[in-house]
Amino acid sequence: MAVAARKAGRAGAGSANKTTSTKGSARGAVPNIPQFDKSQDLSSYEDMLLIRRFEEKSGQMYGMGLIGGFCHLYIGQEAVVVGMQMATKEGDQVITGYRDHGHMLACGMDAKGVMAELTGRRGGLSKGKGGSMHMFSKEKHFYGGHGIVGAQVSLGTGIAFANRYRENGNVCLTYFGDGAANQGQVYESFNMAQLWKLPVVYVIENNRYAMGTAVTRASAQTDFSKRGVSFGIPGEQVDGMDVRAVYAAGQRAIEHARSGKGPYILEMQTYRYRGHSMSDPAKYRTKDEVTRMREEHDPIEQVRRRLLESWKLSEDELKAIDSKVREIVNEAAEFATHDPEPDPSELYTDILL
């Protein structure tokens, strides 16, 4: 599904240039939201719905004790990675932090392999040895979730350096959160990336809370798009709850980086519906706040309304899409609970000494 979304995004690039003004974004007025054609709305809906249903199932399996360790769900933030992937080309890379399941699925990684890694099985994308936060796919150009806060930023900058050195025309999308944005290595990376004009797009997923701390309590500068100003890196704030706005911003940023102008910062203003991880009761915010975001800004519901109202799809057609997605997720869960665990000898493989 993610591959279809990317192809649809490129094919419909002309329609994305048509814009309209809107004032109902998650954080205030955001002008000039591009209009999607039917294929773009449909493919982005399927991709976001796959992530939503996968994460819901992951939460259920964690509660049943089938998933151990840490588990950070992406529910609510689906438009960010889906919109960005629609703007990429084959060969572009992705690297992110530990809230990574959605990024894997959007990159086209097999849902069975992702879920099997969550449950620690042989068929997992890291052979059952990495778990929720450490999965990779060379084939899909996905360089991992990373458990160390901010570590992926310097690694993503290194990937961009390799792109420049090899002159392969690829761009590295480097995702991190509002909490990681305060890490020192982030600014060392910014400096190097701008100094050498590296092809990297820094995507800051600002979901308002770094673990349990609101950005207003932890960050002196809460406009994260300005974090690169002292280095001369351009940036912009984006309504990360609207996949169309993400796609348009992604096109601008990726083109900037690919053309040799250096790094670009996108602050995605988004929101996670669940706690920081499955062990977080999220008592630092009110239920009314979460309910308001779900009812007024849900990224999937926005596209669902357009499919019903603008493209005249029926409720039955949308139910069929949901059934297809649930079937994929259920098959992944079934595989992940019956696939064998790694052989004990795997403890001594894939070790760098």
Side-chain angles (χ1 to χ4, degrees), residues 16 19 25-34 77 79-88 92-97 103 149-150 152-161 163-164 171-210 215-216 218-271:
T19 59
S25 72
R27 306 290 176 86
V30 178
N32 301 324
I33 298 298
Q77 300 182 211
V80 176
V81 71
V82 170
M84 287 301 298
Q85 283 304 112
M86 290 176 71
T88 61
D92 291 340
Q93 306 104 338
V94 171
I95 190 169
T96 187
H103 301 73
V149 176
Q152 73 275 20
V153 181
S154 52
L155 294 173
T157 304
I159 294 169
F161 176 79
N163 290 339
R164 182 177 180 274
V171 174
C172 182
L173 306 186
T174 301
Y175 293 83
F176 56 105
D178 48 279
N182 294 322
Q183 292 286 321
Q185 62 186 309
V186 171
Y187 298 93
E188 295 179 50
S189 299
F190 284 178
N191 183 64
M192 181 180 290
Q194 179 66 347
L195 185 65
W196 292 342
K197 302 298 182 187
L198 302 183
V200 56
V201 175
Y202 296 111
V203 185
I204 304 176
E205 298 190 84
N206 179 8
N207 60 26
R208 300 193 187 191
Y209 297 97
V215 293
T216 52
S219 299
Q221 171 57 273
T222 57
D223 184 343
F224 293 94
S225 69
K226 295 180 179 178
R227 290 300 182 97
V229 167
S230 63
F231 305 101
I233 301 175
E236 61 181 285
Q237 290 183 317
V238 184
D239 181 358
M241 304 298 274
D242 189 330
V243 69
R244 302 169 303 176
V246 174
Y247 170 51
Q251 284 186 310
R252 291 191 294 272
I254 291 172
E255 173 56 29
H256 177 94
R258 202 184 311 280
S259 65
K261 297 177 182 177
Y264 202 98
I265 295 173
L266 294 176
E267 179 197 345
M268 298 295 175
Q269 298 179 325
T270 185
Y271 196 83

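Numbers for residues simply follow the sequence, beginning at 1. On a predicted model such as this, the values are computed, not experimentally measured, just so you know.
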Under 3.5 Å donor-acceptor, D178 side chain and N207 backbone = yes
Q183 meets the side-chain hydrogen bond (donor to acceptor under 3.5 Å, both in side chains) criterion, sequence neighbours left out, with none
Going by heavy atoms in the side chains, are T157 and T174 under 4.5 Å from each other?
-> no
Compare all side-chain heavy atoms of Q85 with those of V94 and state whether any distance is below 4.5 angstrom.
-> yes
ring-ring contact (aromatic ring centres under 6.0 Å, His included) filter on F176, not counting sequence neighbours, yields none
Mind checking what makes side-chain hydrogen bond (donor to acceptor under 3.5 Å, both in side chains) contact with T222, not counting sequence neighbours?
-> none
Return the set of residues passing side chain to side chain contact (heavy atoms under 4.5 Å, CB included) with V201 (not counting sequence neighbours), or none when no residue passes.
-> M84, V171, L173, V203, A253, I254, A257, L266
Please identify each residue that fulfils ring-ring contact (aromatic ring centres under 6.0 Å, His included) with F231, with sequence neighbours left out.
-> none
Closest non-hydrogen contact found for A210 with G179 is CB-CA, 3.5 Å
Exercise: identify the closest heavy-atom pair between N182 and R227 | OD1-NH1, 3.1 Å
Supply the atom-to-atom distance Q269 CD to M241 CE, rounded to the nearest 0.5 angstrom.
-> 11.0 Å
Closest approach of C172 to N163 (non-hydrogen atoms, all atoms of both residues) | N-ND2, 4.0 Å
Look only at the side chain of E267 and the backbone of S225, and say whether a donor-acceptor pair between them is shorter than 3.5 Å.
-> yes
Between the OG1 atom in T88 and the OH atom in Y247, the distance rounded to the nearest 0.5 Å is 10.0 Å
Decide yes or no for V246 and M268: does some side-chain heavy atom of the first lie under 4.5 Å from some side-chain heavy atom of the second?
-> yes
State, to 0.1 Å, how close G260 and K197 come at their nearest heavy-atom pair, and which atoms those are.
-> O-CB, 3.8 Å
Would you check if Y202 and S189 make a side-chain contact, meaning some heavy-atom pair closer than 4.5 Å?
-> yes
Among all residues two or more places apart in sequence or in another chain, which pass the side chain to side chain contact (heavy atoms under 4.5 Å, CB included) test with R252?
-> E236, A248, A249
If you look at every heavy atom in Y271 and Q77, which pair is closest and at what distance?
-> O-CG, 3.6 Å
Aromatic plane relationship, Y264 with H256 - under 30° parallel, 30 to 60° tilted, over 60° perpendicular | perpendicular
Contacts of K226 meeting side chain to side chain contact (heavy atoms under 4.5 Å, CB included) (sequence neighbours excluded), chain-then-number -> Q221, D223, V229
Check side-chain hydrogen bond (donor to acceptor under 3.5 Å, both in side chains) between Q194 and all other residues, then give those that pass, not counting sequence neighbours.
-> none
Return the set of residues passing ring-ring contact (aromatic ring centres under 6.0 Å, His included) with F224 (not counting sequence neighbours), or none when no residue passes.
-> none
Sequence neighbours excluded, the answer for side-chain hydrogen bond (donor to acceptor under 3.5 Å, both in side chains) partners of D92 is R258
For Y175 against T96, the heavy-atom pair lying closest together | CB-OG1, 3.4 Å
Considering residues at least two apart in sequence or located in another chain, which fulfil the side chain to side chain contact (heavy atoms under 4.5 Å, CB included) criterion with S259?
-> E255, K261
